[in-house]
> 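Got a structure for you, questions after.
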Amino acid sequence: MYAVVAIFDEHLNQKIIRIWRKLEETGVSDYFDRMKLRLPHITIASYGELDVPNFIQEMRSFYQDRLAFTVSFASFGSFIETRAVYLAPVMTSELYLLHLDHSRHFKEWSGNPHVHYLPGEWVPHTTIASHLARRAQIRVFEYLVHSSPRLSGRVTGLALIRLEGDNAEILAIKRFKPQAD
């Protein structure tokens, strides 16, 4: 399986990684250990199979003029089926259009997409922990309520990753153009 993910600036990455590490240190979640090859991200799309070289070329071309933008996380939530806890980004026009533009432009590539990433179904999120027992899920919520200020940073680009189990390989990164605030 492959995914296109929005990636963040290093400052925001480190804030999210600190949350992962703290949850691991307290024995609540092993997400940090299981996902150590992945960067914090928001998944934009997923694909079963891809012609990787052509997809990368098209991704680089399509996003050549895209500007980096601010992302803020002001809430958190949980997916019922996987008992994943996530940070929820504020839905800005930039984030909405990134997903919509990608979905429309790369529609021909979307053989066997994961339904959760399709327009009308997408719940943008950055996973904090997943596959939790009920008690651990509650502990993650408690930690976030008491320890996590509102996080913000920049979406600085997209990465194409190949997923196999808990392992991920970054195949390509397309950085967006910097934008002054």
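Note that these values count all heavy atoms, side chains included, but never hydrogens, waters or copies made by symmetry. Numbering starts at 1 and runs along the sequence shown.
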> Can a donor-acceptor pair be found, under 3.5 Å and without considering hydrogens, that links the side chain of Thr26 to the backbone of Leu23?
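Yes; judged by distance alone, with no hydrogens or angles, the pair exists.
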> Just verifying a value: how many Å separate Tyr117 OH and Ile42 CD1, rounded to the nearest 0.5 Å?
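If I round to the nearest 0.5 Å, the distance is 11.0 Å.
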> When rounded to the nearest 0.5 angstrom, what is the spacing between CG in Leu12 and CG in Leu87?
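If we round to the nearest 0.5 Å, Leu12:CG and Leu87:CG are 9.0 Å apart.
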> Working to the nearest 0.5 angstrom, can you tell me the gap between Leu132 CG and Thr82 OG1?
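Interatomic distance, Leu132 CG to Thr82 OG1, rounded to 0.5 Å: 8.5 Å.
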> Any idea which heavy atoms bring Leu98 and Ala6 closest together, and the distance?
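Scanning both residues completely, I find the closest heavy atoms to be CD2-CB, 4.3 Å.
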> Taking Trp122 for the side chain and Thr43 for the main chain, is one N or O donor matched with an acceptor at less than 3.5 Å?
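Here the side-chain-to-backbone pair exists.
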> Between Phe106 and Tyr96, is there a shared hydrophobic cluster once you connect ILVMFWY residues whose side-chain heavy atoms come closer than 4.5 Å?
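Yes: a chain of side-chain contacts under 4.5 Å links Phe106 to Tyr96.
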> Please name all residues satisfying side chain to side chain contact (heavy atoms under 4.5 Å, CB included) with Leu67, sequence neighbours left out, ordered by chain then number.
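Only Lys177, Gln179 meet the side chain to side chain contact (heavy atoms under 4.5 Å, CB included) criterion with Leu67.
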> Suppose clustering is done on Ile, Leu, Val, Met, Phe, Trp and Tyr with side-chain heavy atoms closer than 4.5 Å. Which residues sit in the same group as Ile138?
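Same cluster as Ile138: nobody, lone residue.
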> Is there any salt bridge (charged side-chain N to carboxylate O under 4.0 Å, His left out) pair reaching into residues 75-97, and which pairs are they, with sequence neighbours excluded?
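Listed once each, the pairs would be none.
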> Looking at every non-hydrogen atom in both residues, tell me the closest pair between Ala129 and Ser29 and how far apart they are.
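Looking at all heavy atoms of both residues, the closest pair is CB-OG, 3.4 Å.
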> Supply the atom-to-atom distance Lys174 NZ to Ile7 CD1, rounded to the nearest 0.5 angstrom.
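Lys174 NZ to Ile7 CD1: 11.0 Å, rounded to 0.5 Å.
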> Side-chain contact, heavy-atom cut-off 4.5 Å: Lys22 with Val28?
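They are not in side-chain contact.
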> Sequence neighbours left out, what passes side chain to side chain contact (heavy atoms under 4.5 Å, CB included) with Ser103? Give chain and number order.
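Counting only residues at least two positions away or on another chain, Ser103 forms a side chain to side chain contact (heavy atoms under 4.5 Å, CB included) with His99, Pro119.
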> CZ/Arg21 to CD1/Ile19 distance, rounded to the nearest 0.5 angstrom?
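Output value for this atom pair is 12.5 Å.
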> Do Leu158 and Phe176 come close enough that some side-chain heavy atom pair is under 4.5 Å?
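Yes, at least one pair of side-chain atoms sits under 4.5 Å.
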> Within a strict 4.5 Å, meaning less than it, do heavy atoms of the Val5 and Leu39 side chains meet?
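No, side chains not in contact.
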> Tell me, please, which residues at least two apart from Thr126 pass side chain to side chain donor-acceptor pair (under 3.5 Å).
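So Thr126 forms no side chain to side chain donor-acceptor pair (under 3.5 Å) with any residue.
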> Considering residues at least two apart in sequence or located in another chain, which fulfil the side chain to side chain contact (heavy atoms under 4.5 Å, CB included) criterion with Arg104?
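Arg104 satisfies side chain to side chain contact (heavy atoms under 4.5 Å, CB included) with Leu100 only.
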> Any idea which heavy atoms bring Trp20 and Thr127 closest together, and the distance?
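Distance-wise, the nearest heavy atoms are NE1-O, 3.0 Å.
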> Quick one: side chains of residues 53-64, donor-acceptor pairs under 3.5 Å with protein atoms, not counting sequence neighbours, listed by atom name and distance.
residue, atom, partner, partner atom, Å
Asn54, ND2, Asp51, OD2, 2.6
Glu58, OE2, His105, NE2, 2.5
Tyr63, OH, His102, ND1, 2.8

> Counting heavy atoms not belonging to Lys15, are there more than 12 under 6.0 Å from its NZ?
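Check passes, neighbour count above 12.
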> Once side chain to side chain donor-acceptor pair (under 3.5 Å) is applied, do any residues pair with Ser152, and if so which ones, sequence neighbours excluded?
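Checked Ser152 against side chain to side chain donor-acceptor pair (under 3.5 Å); zero matches.
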> Who pairs with Arg139 by salt bridge (Lys or Arg N to Asp or Glu O under 4.0 Å), at least two apart in sequence or on another chain?
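None.
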> Please examine the side chains of Thr156 and Glu10, heavy atoms only from C-beta on, and report whether any two atoms are closer than 4.5 Å.
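Not touching, per the 4.5 Å side-chain cut-off.
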> Checking Arg162 now: which residues fulfil side chain to side chain contact (heavy atoms under 4.5 Å, CB included) with it, not counting sequence neighbours?
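Partners of Arg162 under the side chain to side chain contact (heavy atoms under 4.5 Å, CB included) test: Tyr2, Glu164, Glu169, Leu171.
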> How many angstroms lie between OG1 in Thr92 and CG in Leu97, if you round to the nearest 0.5 Å?
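These two atoms lie 8.5 Å from each other.
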> If Ile, Leu, Val, Met, Phe, Trp and Tyr residues are connected whenever their side-chain heavy atoms lie under 4.5 Å apart, and connections chain through other members, are Ile16 and Val123 in the same group?
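Unlinked, Ile16 and Val123 end up in two clusters.
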> So, using side chain to side chain donor-acceptor pair (under 3.5 Å) as the criterion, who are the partners of Ser130 when residues are at least two apart?
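Ser130: side chain to side chain donor-acceptor pair (under 3.5 Å) contacts with Arg34.
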> Show every ring-ring contact (aromatic ring centres under 6.0 Å, His included) that has at least one partner inside residues 64-83, sequence neighbours left out.
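Output for this query lists Phe8-Phe73, Phe76-Phe141, Phe79-Tyr86, Phe79-His125.
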